[in-house]
Chemist: 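Take this structure, written in structure tokens, and hold onto it; I'll ask about it next.
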Amino acid sequence: MPAGTLYRGREGMWSWVAHRVTGVLIFFFLFVHVLDTALVRVSPEAYDTVVATYKTPIVALLEYGLVAAILFHALNGLRVIAVDFWVKGARYQKQMLWTVVGLWVVLMLGAIYPVLGHAARELFGS
Amino acid sequence: MSTTETTASGIGPVEGAGASVYTVDNPAPLIEPPRKRTKKSPKSTRGNFEMAAWLFMRLSGVVLVVLVIGHLLIQLVLDGGVSKIGFAFVAGRWASPFWQVWDLLMLWLAMLHGANGLRTVINDYAERPNTRLWLKGLLYTATVFTILLGTLVIFTFDPNIR
């Protein structure tokens, strides 16, 4: 392990860490997702069988996590672009991060019913 | 204390110690900039790849925000969310060239954006040259395979496969 890499940053460092972690997670899902979609070239039954697993309650929770990762990566990515290209971007990077976090919380609350609703109906009955 | 303070000779008070040893008849030696490129220095072997990659991440990122969030809305939120997805749903959407182009563009941009991101991660954390070589070899192989597979699926999709 490289020594002395504990960088005691604040918002800037932790948003960088979160951007990296969410990016890697999304990229790994993308491989799986292209593979499962490729099953439409095998047969409708093969595709529908695999997609059925995406509709189970446990995977619904994973989908909610995927939405969380993508929304953070998207919003924080726009912040990174603003830091790089907007003259005052670096000065307002903290305020922009908290804006990102606020928007993310609102969007994640809004995603609860559409993404997890069907799982709740399956688990607790409609 | 000012750091721009200089004597008449242009030599600062510390190194000149108040009086310069150099005069018009005894000029200071000319020191070339250490990394100045001359006709003799070999041609640069490095292009602007890293700068292009940096710019690509930002440009593809903006486009991907629109493409991916639209994709999530259609697949997971609107019209019954994930429950409606099946072969028939895919066939209905890929009947339109608009959604074929949407998905193709999303596939290419997302794969290249992700691959370049992971390349950065490998460069940051894999320290041994051999480890880097193998990890990047694996990354590029998987990326090319996935892009080609996805492209093939979009272009050869047959709704009447059965």
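The sequence lines fix the lettering, A, B, ..., with proteins before strands; numbering per chain opens at 1. Computed from heavy atoms alone, side chains included, the values below leave out hydrogens, waters and symmetry copies.
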Chemist: I'd like to know if A:Trp86 and A:Val100 are part of one continuous hydrophobic network [Ile/Leu/Val/Met/Phe/Trp/Tyr, side-chain heavy atoms within less than 4.5 Å].
Modeler: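 Per the 4.5 Å side-chain linkage, A:Val100 and A:Trp86 are not co-clustered.
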Chemist: Evaluate the criterion side-chain contact (heavy atoms from CB on, under 4.5 Å) for residue pair B:Leu76 and A:Tyr64; output intermediate values, then yes/no.
Modeler: CA-CA 10 Å; B:Leu76 292 181; A:Tyr64 192 69; over 6 Å; no
Chemist: Do B:Phe87 and A:Leu39 have side chains that approach each other closer than 4.5 Å (heavy atoms only, starting at C-beta)?
Modeler: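 A side-chain contact under 4.5 Å is absent here.
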Chemist: Is there a side-chain contact (heavy atoms from CB on, under 4.5 Å) between B:Thr120 and A:Arg20? Walk through the geometry before answering.
Modeler: CA-CA 10 Å; B:Thr120 309; A:Arg20 194 157 260 216; 3.7 Å; yes
Chemist: At a heavy-atom separation under 4.5 Å, does A:Tyr113 approach chain B through its side chain, its backbone, both, or neither?
Modeler: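 For A:Tyr113, there is no contact with chain B at all, as no heavy atom is under 4.5 Å.
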Chemist: State, yes or no, whether a side-chain contact exists between B:Leu149 and A:Leu35 at a heavy-atom distance under 4.5 Å.
Modeler: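 Answer yes - side chains close enough.
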Chemist: Would a 4.5 Å heavy-atom cut-off, applied to side chains only, mark B:Ile161 and A:Pro44 as touching?
Modeler: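 Yes - at least one pair of side-chain heavy atoms lies under 4.5 Å apart.
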Chemist: Show the numbers, then the answer: is there a side-chain contact (heavy atoms from CB on, under 4.5 Å) between A:Val51 and B:Phe89?
Modeler: CA-CA 12 Å; A:Val51 167; B:Phe89 182 75; over 6 Å; no
Chemist: Please classify the contact of A:Val42 with chain B as side chain, backbone, both or neither, using a heavy-atom distance under 4.5 Å.
Modeler: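 Looking at A:Val42, just its backbone touches chain B.
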Chemist: Using the side-chain contact (heavy atoms from CB on, under 4.5 Å) rule, take B:Ile85 and A:Tyr54 through it: C-alpha gap first, then chi angles, then the decisive distance, then the call.
Modeler: CA-CA 9 Å; B:Ile85 299 179; A:Tyr54 280 108; over 6 Å; no
Chemist: Parallel, tilted or perpendicular, judged at 30° and 60°: which one describes the rings of A:His73 and B:His113?
Modeler: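 It falls in the perpendicular class, over 60°.
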Chemist: What part of A:Ile26 gets closer than 4.5 Å to chain B, counting heavy atoms only: side chain, backbone, both or neither?
Modeler: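 The answer is neither part of A:Ile26.
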Chemist: Is any side-chain heavy atom of A:Leu30 closer than 4.5 Å to a side-chain heavy atom of B:Thr146?
Modeler: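 They are not in contact (no side-chain heavy atoms under 4.5 Å apart), so the answer is no.
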